[in-house]
Structure formats: structure tokens, C-alpha cells
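Order of listing sets the numbers, starting from 1, for every ligand and every atom in it.
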Amino acid sequence: MNETITLALSKGRIFEETLPLLRAAGIEVGEDPEKSRKLILPTNRPDVRVVLVRATDVPTYVQYGGADLGVAGLDVLLEHAGGDAATGLYQPLDLRIACCRMSVAVRADFDYAAAVRQGSRIRVATKYTHIARQHFADKGVHVDLIKLYGSMELAPLTGLADAIVDLVSTGSTLRANNLVEVEQIMPISSRLVVNQAALKLKRAALRPLIDAFAGAIPDTSACST
Ligand code: ATP
Ligand code: MG
């Protein structure tokens, strides 16, 4: 059989950190996405290609069959499905790459614990509205969520919000903006996602790939999942 396997990746850390997993499966990507303008990258395997999409579009491509499999952050997956399991999207592996955490951060002079204790309404700016809504509902904290698409750190500094919900890895971006991490919501890592129909139809080609990925998952201390 000679079916093409399409893998959806986003440029940047996910692409970089997926390369060693691909290598373990005997797959070398022919071109560097930072240097090429191509959106479809061939590999050394004539039956395997990589498509470059926005990180938030990876689950969409895989769910609807634009790609057979892909790599997406847990943050992206939870926001994609709005908290529910997306139909047709199989998540067989935590790849333990692109590790970080989802956290609540505030300006250093904002007493978050007191605001929570007093039952105040807290204004929270975030790109991750589903994760944030669920988190504060679980805690019984009243929040007004403000949806942003980037530069969340700016929101508490300008008075747009009291707090942000954002990804944190080293914390240096928060520190550079006088923000402090006051609560960790969940550890985040990237997951392999596979189109369920493709897994049935192209099982002979996909299964060995998934198994090779599974055998090459890094044992990084940066990842707490
Ligand atoms: P862009 O930064 O180009 O706007 P993006 O934020 O969607 O796009 P990336 O920054 O490459 O894309 O992030 C991709 C994934 O990597 C995120 O969904 C998340 O799971 C993870 N990630 C994000 N920031 C960090 C970080 N600082 N450290 C480790 N992993 C991270
Ligand atoms: Mg980013």
C-alpha cells in the first residue's frame, strides 16, 4: 500500500522538539521551516509529509482529516474542544515536549489571596478562556473574563485586568513585567493527536509511527506530567 501520511506541526518549539521524535521513527524533514516559505515539507520518506499550520489550527486539521496526525499543546487541545473531548480526535500519547504550566499571575501589589478570601469579583484577562472559566468555577471564585489574543502581561499593568491566566515556563517574562505567579492551574505538555478514521484506514503506516514516537518520549525534568 502507498498512502501518504500527513503530519501537522506548528513552527517554533513544537517543530523543533518533534524533530528528535521523528528521527527516532526514521523520518528526517528535508527543510528548515524558519528558512523556507513552504507550508508543505517533504521528508526522506516518500509517503510522509509535514504541513505547517498555526499551533491553534493543529487540532482542526487533524479532527477534519486535513492531516492524519499532529502535535498540539494540551492548552490548545483544551481550548479547541471547549473542555469536551473532540470527536474524531484520538490522543494516544503525551509526548512530554514543549512543557510549561498554566498559571494565574497578578501585579506584585495586588493581593490575590485577599481578593479570593473576600469573594471579590476578579477581572481576568486571558487567551485561555475555557481553562480559566473552568478553573475559577472549580474554586468558586467569581471572575469577569476578558479575552485577549496575545501580550497578556500588559493587561494588569494597564489596569485592564487584575489577573491573567497564561503559560509560564521559567517565569522570566512575568518577572520582567513585575508580575508574580500566584496559582498553578495545570502542567502543560504537547500531545500526539491522530485522526480516528485515518487510524483505521491507514493503520499499517500509522501504528509503527505512533509506536516509534512512544519509544522516544524524552525523560525531561522540565515536564511534570
Ligand atoms: P506564536 O507564539 O507564534 O503566536 P503560539 O503561542 O500559538 O504561537 P508557540 O509559542 O510555539 O505557539 O507555542 C506552542 C505550544 O507550546 C503552546 O500551545 C504550549 O503548549 C507550548 N508553550 C507555549 N509557551 C511555552 C513556553 N514558554 N515554554 C514551553 N512550552 C510552551
Ligand atoms: Mg507563543
Leu74 and Met186, any side-chain heavy atoms less than 4.5 Å apart: yes
Element-labelled atoms of ligand 1 that are located less than 4.0 Å from some non-hydrogen atom of Ile188: 20 (O)
Distance, nearest 0.5 Å, that separates CZ of Phe15 from CD1 of Ile97: 11.5 Å
Protein residue, atom and distance nearest to atom 16 (O) of ligand 1, heavy-atom basis: Arg13 CD, 3.3 Å
Side-chain donor or acceptor of Asn44 paired with backbone N/O of Gly26 under 3.5 Å: yes
Residue Ser169 vicinity, atoms of ligand 1 by number, heavy atom under 4.0 Å: 26 (C), 27 (N), 28 (N)
Ligand 1 atoms in contact with Ala55 (distance to a heavy atom under 4.0 Å): 7 (O), 12 (O)
Closer than 4.0 Å: a protein non-hydrogen atom to atom 30 (N) of ligand 1: yes
CG-CG distance between Leu199 and Leu69, expressed to the nearest 0.5 angstrom: 9.5 Å
Nearest protein heavy atom with distance in Å, relative to atom 4 (O) of ligand 1: Arg54 NH2, 3.9 Å
Residue Lys127 vicinity, atoms of ligand 1 by number, heavy atom under 4.0 Å: 6 (O)
Pairs meeting criterion salt bridge (charged side-chain N to carboxylate O under 4.0 Å, His left out) with involvement of residues 62-73, two or more places apart: Asp68-Lys202
Test item, Cys100 contacting ligand 1 (heavy atom, 4.0 angstrom): yes
Residue-ligand contact Leu167/ligand 1, heavy atom below 4.0 Å: yes
Subset of ligand 1 atoms that lie under 4.0 Å from at least one heavy atom of Asp75: 17 (C), 18 (O), 19 (C), 20 (O)
Lys/Arg N to Asp/Glu carboxylate O, Asp47 vs Arg45, below 4.0 Å: yes
Path from Leu201 to Leu209 over hydrophobic side-chain contacts below 4.5 Å: no
Heavy-atom protein neighbour under 4.0 angstrom from atom 2 (O) of ligand 1: no
Ligand 1 atoms in contact with Gly73 (distance to a heavy atom under 4.0 Å): 20 (O)
Per-atom contacts of ligand 1 with Val76, taking only distances under 4.0 Å to non-hydrogen atoms: 18 (O)
Exercise check, heavy-atom protein proximity under 4.0 Å to atom 18 (O) of ligand 1: yes
Test item: Leu192 and Ile210 side chains (from C-beta on) under 4.5 Å apart, heavy atoms: yes
Any Cys99 heavy atom less than 4.0 Å to ligand 1: yes
Over 12 foreign heavy atoms within 6.0 Å of NZ, Lys147: yes
Protein heavy atom at shortest distance from atom 14 (C) of ligand 1: Ile14 CD1, 4.0 Å
Glu17 side chain vs Ala98 backbone, donor-acceptor pair below 3.5 Å: yes
